[in-house]
2 protein chains.
Amino acid sequence: MRAKKLLRQSELQSLIDYNPFLTDQELADKFAVSIQTIRLDRMELGIPELRERVKMVANDAYSKTKTLGEEQIIGDLREFDPGVRGMSVLDVTMEMVHPQAMTVGTEHIFAQANSLAMFVADLSVYIRIQASIEFIRQVYAGERLVCTAVVVDPGKENEIHMDVTTTSSDAVVFSGKFIFGTGRSNK
Amino acid sequence: MRAKKLLRQSELQSLIDYNPFLTDQELADKFAVSIQTIRLDRMELGIPELRERVKMVANDAYSKTKTLGEEQIIGDLREFDPGVRGMSVLDVTMEMVHPQAMTVGTEHIFAQANSLAMFVADLSVYIRIQASIEFIRQVYAGERLVCTAVVVDPGKENEIHMDVTTTSSDAVVFSGKFIFGTGRSNK
DNA sequence: GTTATAATTGCGAGCAGGTAATAATAGCGG
DNA sequence: CCGCTATTATTACCTGCTCGCAATTATAAC
């Protein structure tokens, strides 16, 4: 008797982990058990009700897309000399890796570099951006990416040139040259 | 009177856009109006109830972390000829724009292009990627980005060359040349 | 001013997906 | 067979709505 219950509860746990959008009724059907049993199981396992689960997922997602959407800098800004140079640090989390390869999507590496460069250049609006970039090696979860952006040629009118390099424990993983066309004289 | 209503509705729209977790009661308080008015406004604007909104965010987030984490393609794959060419479509949502400038972060445009290119090249693992890219103009929420990736030089050993172009209603917003170093002979 | 029309507000019922509490029943181990 | 756990049933209540209908208030039209 006890075995059956434990089995069901562990399956319930992973079922809900996998799909948090299931109602108690649906779960009860899957296990051919009454809805009350499911509720008891949830209580014993400390699993909140559907709506709370959905809310949690939504909140997670929301704060995640917010940090990716509303801040300028992807990663933490560590050094900053406006119009001159800047440095940011990005810790690679599991969410950033493609599970099959276990490597970080290059879009994240690019996003860190690009956002830092734009922030240093103080460009929320651009006319045109050109870049020559290179991803030198793959990056794995747990690595700490240190990105440095330096303005190299403030000479030309309406253009800001910038060198951006990302390293992980002193090995270069990304480097790029950015040219921002601003449509304004970069005073 | 109609002016007041329209103003409130547009504010309501952006309020909910900004924070979908508000109940009708909370919204009614903010506008110093009855809860029924809020409900009428929501209906006229086609805004679903709180729980539906939360569910949508959660679903989005859920499928997003899945597509961004478990699939290679950011955007919807529309055409695909393995090793030859591919096309993907990405609808720009509010979450992708930087609110100050109302323009899309270039990292999203890059992510679409890069992931499509890697998918067409069938590269989950790379040795080195070089790219020369250009963001030609800014992109705003609501635009539909159509990205095309074409393999242009399958000649060289251990290298895949690819041209990637992103357009929005037939105007080019991004173009890039990617060179993937594979460390394998591309059969 | 006096209507027509639009906007707002106020109920009451009902629904989904629960919580909480309490009671009845089934199943098995000793 | 007794006792205990597991399961099921029942009921009341909750939130955040929808739906339908009526009443009131504000604004525009004549």
Side-chain angles (χ1 to χ4, degrees), chain A residues 1-66 69-70, chain B residues 1-67 93-95 99 141:
Chain A
M1 190 113 213
R2 222 151 61 232
K4 235 172 261 184
K5 188 184 174 185
L6 290 176
L7 189 74
R8 188 189 54 235
Q9 290 193 344
S10 89
E11 278 184 47
L12 183 72
Q13 182 71 263
S14 35
L15 236 170
I16 292 180
D17 277 355
Y18 180 75
N19 180 4
F21 301 93
L22 296 167
T23 65
D24 285 357
Q25 186 57 64
E26 287 167 332
L27 291 164
D29 293 348
K30 293 206 193 235
F31 289 105
V33 91
S34 81
I35 204 166
Q36 289 79 0
T37 302
I38 295 296
R39 311 234 229 242
L40 281 173
D41 284 346
R42 270 201 302 104
M43 298 217 185
E44 285 178 27
L45 295 168
I47 299 172
E49 65 166 292
L50 169 69
R51 281 153 180 165
E52 292 305 314
R53 294 192 308 260
V54 171
K55 219 182 282 177
M56 286 164 66
V57 175
N59 261 313
D60 268 28
Y62 214 66
S63 52
K64 209 170 287 171
T65 54
K66 285 261 162 163
E70 292 204 339
Chain B
M1 190 101 223
R2 213 147 78 238
K4 237 172 259 185
K5 187 185 175 185
L6 289 177
L7 189 74
R8 186 189 56 235
Q9 290 194 344
S10 89
E11 278 183 49
L12 183 72
Q13 182 71 262
S14 34
L15 236 171
I16 292 180
D17 276 356
Y18 179 74
N19 180 5
F21 300 92
L22 296 167
T23 65
D24 285 357
Q25 186 57 64
E26 287 168 331
L27 291 164
D29 293 348
K30 292 205 195 238
F31 288 106
V33 91
S34 80
I35 202 167
Q36 287 80 0
T37 302
I38 296 295
R39 311 235 229 243
L40 282 173
D41 285 345
R42 268 200 304 104
M43 299 220 184
E44 286 178 26
L45 295 169
I47 300 173
E49 66 166 291
L50 169 70
R51 281 154 178 164
E52 292 305 313
R53 291 188 315 256
V54 171
K55 218 182 282 177
M56 286 165 67
V57 174
N59 261 312
D60 264 31
Y62 217 66
S63 57
K64 203 170 287 171
T65 52
K66 292 244 161 153
T67 44
T93 65
M94 285 306 288
E95 289 94 62

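Residue-level contact check: A:L40 touches the bases, meaning some heavy atom is under 4.0 Å from a base atom. A:Q36 comes within 4.0 angstrom of a nucleotide base, judged by non-hydrogen atoms across all strands. Residue A:R53 is out of contact with every strand shown, counting any heavy-atom pair closer than 4.0 Å.
A straight line from CD1 of B:I38 to P of C:dT8 spans 10 Å, rounded to a whole angstrom. If you measure from atom NZ of B:K55 to atom C1' of D:dG16, you get 12 Å, rounded to the nearest angstrom. Look at CD on B:E44: it is 10 Å from C1' on C:dA6, rounded to the nearest Å. In this structure, CD1 of A:I35 is placed 14 Å from C1' of D:dT7, rounded to the nearest angstrom. Rounding to whole angstrom units, CG of residue B:L50 and P of C:dA16 are separated by 18 Å. The CE atom of A:M56 sits 15 Å away from the P atom of C:dG18 (whole-angstrom rounding). Rounded to whole Å, atom P of C:dA7 lies 15 Å from atom CG of B:L12. As rounded to whole Å, 8 Å separates atom C1' of D:dT7 from atom CZ of A:R8.
When atom types are taken as modelled, the side chain of B:R53 and the backbone of B:P48 share a donor-acceptor pair closer than 3.5 angstrom. Side-chain atoms of B:E26 come within 3.5 Å of backbone atoms of B:T23 as a donor-acceptor pair (strictly under, hydrogens ignored).
Taking only side-chain nitrogens and oxygens, A:T37 comes nearer than 4.0 Å to OP1 or OP2 of D:dT8.
One distance of note links CG of B:L50 with NZ of B:K55; it measures 11.0 Å at 0.5 Å rounding. Within the model, atoms OG1 of A:T37 and CG of A:L12 stand 11.0 Å from one another, a figure rounded to the nearest 0.5 Å.
Two residues are said to be in side-chain contact when any heavy atoms from C-beta on lie closer than 4.5 Å; A:I35 and A:R39 meet this criterion.
Residue A:V33 places its side chain closer to D:dT8 than to any other of C:dT19, C:dT8, D:dT8. For A:D24, counting side-chain heavy atoms from C-beta on, the closest listed nucleotide (C:dG18, D:dT7, C:dT8) is C:dG18. In the set D:dC19, C:dA20, C:dA7, the nucleotide with an atom closest to the side chain of B:M43 is D:dC19. When distances run from any side-chain atom of A:R42 to the nucleotides D:dT18, C:dA7, C:dT19, the shortest one goes to C:dT19. Comparing C:dG18, D:dT18, C:dA7 by their nearest atom to the side chain of B:R39 picks out D:dT18. Listed candidates were D:dA9, D:dG16, C:dG18. Nearest to the side chain of B:E49 is D:dG16.
A donor-acceptor contact under 3.5 Å links the side chain of B:R51 to the base of D:dG16.
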